[in-house]
**Q** 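Dropping the structure in here first, questions after.
The structure displayed is predicted, hence computed values, not measured ones. As a basis for the values below, the full set of heavy atoms in this structure was taken, side chains included, without hydrogen atoms, waters or symmetry mates. Index from 1, following the sequence.
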Amino acid sequence: MGTGYEVSPLHRIAYLDTAAMERQQMAAPTPKNDAGEQYVIDLLTGFPGAGAGGKPKVIIGAPVFRYPATDAVIPWRDRLAAKYRGQLGEALTWDEGSDFEDGDDVATSADVMLRYVTALVDEGGPGALPRLVGTGRPPQADLERTLTRAEQRGYTGHYPQLLLVEQYWLPFRRDMIIEEADWEGHPGRFGSVSNLLREVTEVRALIRRADPKIVRWTVDDDAPEHVLDAAWQASETVYRLAKLAVAHHLPLWCTT
């Protein structure tokens with residue numbers, strides 16, 4: 001599984017429409033395996049139970065996606081712009097009609113390591129990084145405690161855009177996070193893409209200082225096993241796309 005980062009207008013966000021896939025499955029004949037037994041289709045992959053040799057025999061239907069409506073996104077953005085104009089010190093706007101789109105996936109494990117490494121620096125300073133050189137993924141309990149403490153520090157930390165925002169960064173310059181429902185009414189946090197770029201640039205410099213050989217890991221390599229290597233690899237994608245988002249004055253968003 002991967003985490004997808006994308007620079008584009010928000011109406012280009014693709015959501016997996018599981019409700020439509022359920023309807024599609026209900027309308028299809030119930031499949032059977034080689035023994036004549038019925039089985040359930042995995043809605044996310046489209047693969048049924050295993051046939052001979054453990055290989056799927058058929059795929060019923062295909063993933064179905066839905067997209068936000070432009071006429072829902074623009075009024076939502078304009079309401080936020082009016083409400084937060086004083087705090088932002090600028091008009092919150094971007095070209096929702098733009099056809100620009102660029103994105104890439106990172107390994108979810110690498111994305112988590114980027115946030116973990118950032119949380120350690122946030123808590124203990126750059127001196128926390130040299131001892132991570134060559135070390136593997138931390139125990140899950142340690143990982144969760146570190147990220148929980150980062151959440152509890154809230155905006156008093158140095159890297160709120162990396163540690164507190166999970167999905168959306170909008171093109172405004174003020175270092176703040178807007179906590180509001182999105183255009184579909186779901187609670188969310190909306191950060192600043194220019195400040196995300198500043199934070200990830202700083203974290204990358206600290207990682208490179210701790211381990212100069214880190215630059216050998218690129219987005220084209222398999223997910224590294226070591227903490228700093230994985231964090232660096234994920235940061236390559238976040239850094240590249242945050243730069244593009246700032247240059248094109250567009251949102252950066254991610255999906256898992």
**Q** Quick one: do Glu90 and Arg85 make a salt bridge, cutoff under 4.0 Å?
**A** no

**Q** Atom CG in Asp104, atom SG in Cys254: separation rounded to 0.5 Å?
**A** 13.0 Å

**Q** Please identify which of these residues, Leu132, Thr118, Val227, meets the side chain to side chain contact (heavy atoms under 4.5 Å, CB included) condition with Met113.
**A** Val227

**Q** Are Arg240 and Thr237 packed together at the side-chain level, in the sense that at least one heavy-atom pair is separated by less than 4.5 angstrom?
**A** no

**Q** Going by heavy atoms in the side chains, are Thr70 and Val73 under 4.5 Å from each other?
**A** no

**Q** Please report the interatomic distance CG(Asp211) to CG(Leu206), rounded to the nearest 0.5 Å.
**A** 13.0 Å

**Q** Test the Arg12-Tyr67 pair against the cation-pi criterion, namely NZ or CZ under 6.0 angstrom from the six-membered ring centroid and within 45° of the ring axis.
**A** no

**Q** Is it true that Glu144 and Arg115 have a side-chain N and a carboxylate O under 4.0 angstrom from each other?
**A** no

**Q** Is it possible for you to say whether Tyr168 and Ile74 belong to one hydrophobic cluster, with membership spreading through side-chain heavy-atom contacts below 4.5 Å?
**A** no

**Q** Any luck finding a side-chain donor-acceptor pair between Tyr116 and Asp142 under 3.5 Å?
**A** no

**Q** Step by step, would you call Glu236 with Arg204 a side-chain contact (heavy atoms from CB on, under 4.5 Å)?
**A** CA-CA 9 Å; Glu236 288 270 274; Arg204 281 167 58 82; 2.9 Å; yes

**Q** With the side chain counted from C-beta on, respond yes when Ile178 and Phe172 share a heavy-atom pair under 4.5 Å apart, and no when they do not.
**A** yes

**Q** Apply side-chain contact (heavy atoms from CB on, under 4.5 Å) to Trp232 and Val117, showing your working.
**A** CA-CA 10 Å; Trp232 177 265; Val117 167; over 6 Å; no

**Q** Out of curiosity, Leu162 CG to Leu196 CG, how far, rounded to the nearest 0.5 Å?
**A** 5.5 Å

**Q** Quick one: closest heavy-atom pair of Pro160 and Glu199, and the distance?
**A** CD-OE2, 3.1 Å

**Q** Tell me the closest heavy-atom pair linking Pro130 and Ala210, and the distance in Å.
**A** N-CB, 4.1 Å

**Q** Begin from the C-alpha positions of Val193 and Leu170 and carry the test side-chain contact (heavy atoms from CB on, under 4.5 Å) through to its verdict.
**A** CA-CA 5 Å; Val193 71; Leu170 304 180; over 6 Å; no

**Q** With rounding to the nearest 0.5 Å, note down the distance linking OG in Ser8 to CG in Leu241.
**A** 10.5 Å

**Q** Are Ser194 and Arg173 close enough that a side-chain donor and a side-chain acceptor fall under 3.5 Å?
**A** no

**Q** Identify the heavy atoms of Ala119 and Ala150 that sit nearest to each other, and give their distance.
**A** CB-CB, 4.0 Å

**Q** Please examine the side chains of Val203 and Val121, heavy atoms only from C-beta on, and report whether any two atoms are closer than 4.5 Å.
**A** no

**Q** Less than 4.5 Å apart, side chain to side chain, heavy atoms only: is that true for Val7 and Glu101?
**A** no

**Q** What's the shortest heavy-atom distance between Pro251 and Pro171, and which atoms?
**A** N-CD, 4.0 Å

**Q** Taking only residues two or more places apart in sequence or in another chain, which ones pass side-chain contact (heavy atoms from CB on, under 4.5 Å) with His226?
**A** Asp229

**Q** Say whether, by atom type as modelled, one donor and one acceptor occur between the side chain of Gln161 and the main chain of Met176 under 3.5 angstrom.
**A** yes

**Q** Between atom CG of Leu163 and atom CD1 of Ile177, what is the distance when rounded to the nearest 0.5 Å?
**A** 9.0 Å

**Q** Under a 3.5 Å cutoff, is there a donor and acceptor pairing between the side chains of Asn195 and Ser192?
**A** yes

**Q** Quick check: do Leu129 and Ile207 have side-chain heavy atoms less than 4.5 Å from each other?
**A** yes

**Q** Taking it one step at a time, do Thr3 and Asp105 satisfy side-chain contact (heavy atoms from CB on, under 4.5 Å)?
**A** CA-CA 5 Å; Thr3 299; Asp105 290 346; over 6 Å; no

**Q** Salt bridge (charged side-chain N to carboxylate O under 4.0 Å, His left out) with Glu166: which residues, sequence neighbours excluded?
**A** none

**Q** Check whether any side-chain N or O of Glu96 sits under 3.5 Å from a backbone N or O of Leu10 as a donor-acceptor pair, and report yes or no.
**A** yes

**Q** Are side-chain heavy atoms of Glu6 and Leu252 found at a separation under 4.5 Å?
**A** no

**Q** Taking only Lys NZ, Arg NE, NH1 and NH2, and the carboxylate oxygens of Asp or Glu, determine whether Arg137 and Glu225 approach each other closer than 4.0 Å.
**A** no

**Q** Please report the shortest heavy-atom distance between Leu197 and Thr201, naming the atom on each side.
**A** O-OG1, 2.7 Å

**Q** Looking only at atom types and distance, does a side-chain atom of Arg174 sit under 3.5 Å from a main-chain N or O of Gln87, one as donor and one as acceptor?
**A** yes

**Q** In Å and rounded to the nearest 0.5 Å, what is the CD to CG distance from Gln152 to Leu147?
**A** 11.0 Å

**Q** Considering only NZ, NE, NH1 and NH2 on the basic side and carboxylate oxygens on the acidic side, decide whether Arg198 and Asp175 come within less than 4.0 Å.
**A** yes

**Q** For Trp183 and Phe190, take the angle between the two ring planes, folded into 0 to 90°, and tell me which bin it lands in: parallel under 30, tilted 30 to 60, perpendicular over 60.
**A** tilted

**Q** If you take all heavy atoms of Asp95 and Leu250, which pair is closest and at what distance?
**A** O-CD2, 3.7 Å

**Q** Using a 4.5 Å cut-off on heavy atoms from C-beta on, say whether the side chain of Trp253 contacts that of Ile13.
**A** yes

**Q** In a table with atom names and distances, give each donor-acceptor pair under 3.5 Å that connects a side chain of residues 76-83 to protein atoms at least two apart or in another chain.
**A**
{"residue": "Trp76", "atom": "NE1", "partner": "Ala181", "partner atom": "O", "Å": "2.8"}
{"residue": "Arg77", "atom": "NH1", "partner": "Trp94", "partner atom": "O", "Å": "2.6"}
{"residue": "Lys83", "atom": "NZ", "partner": "Glu180", "partner atom": "OE2", "Å": "2.5"}

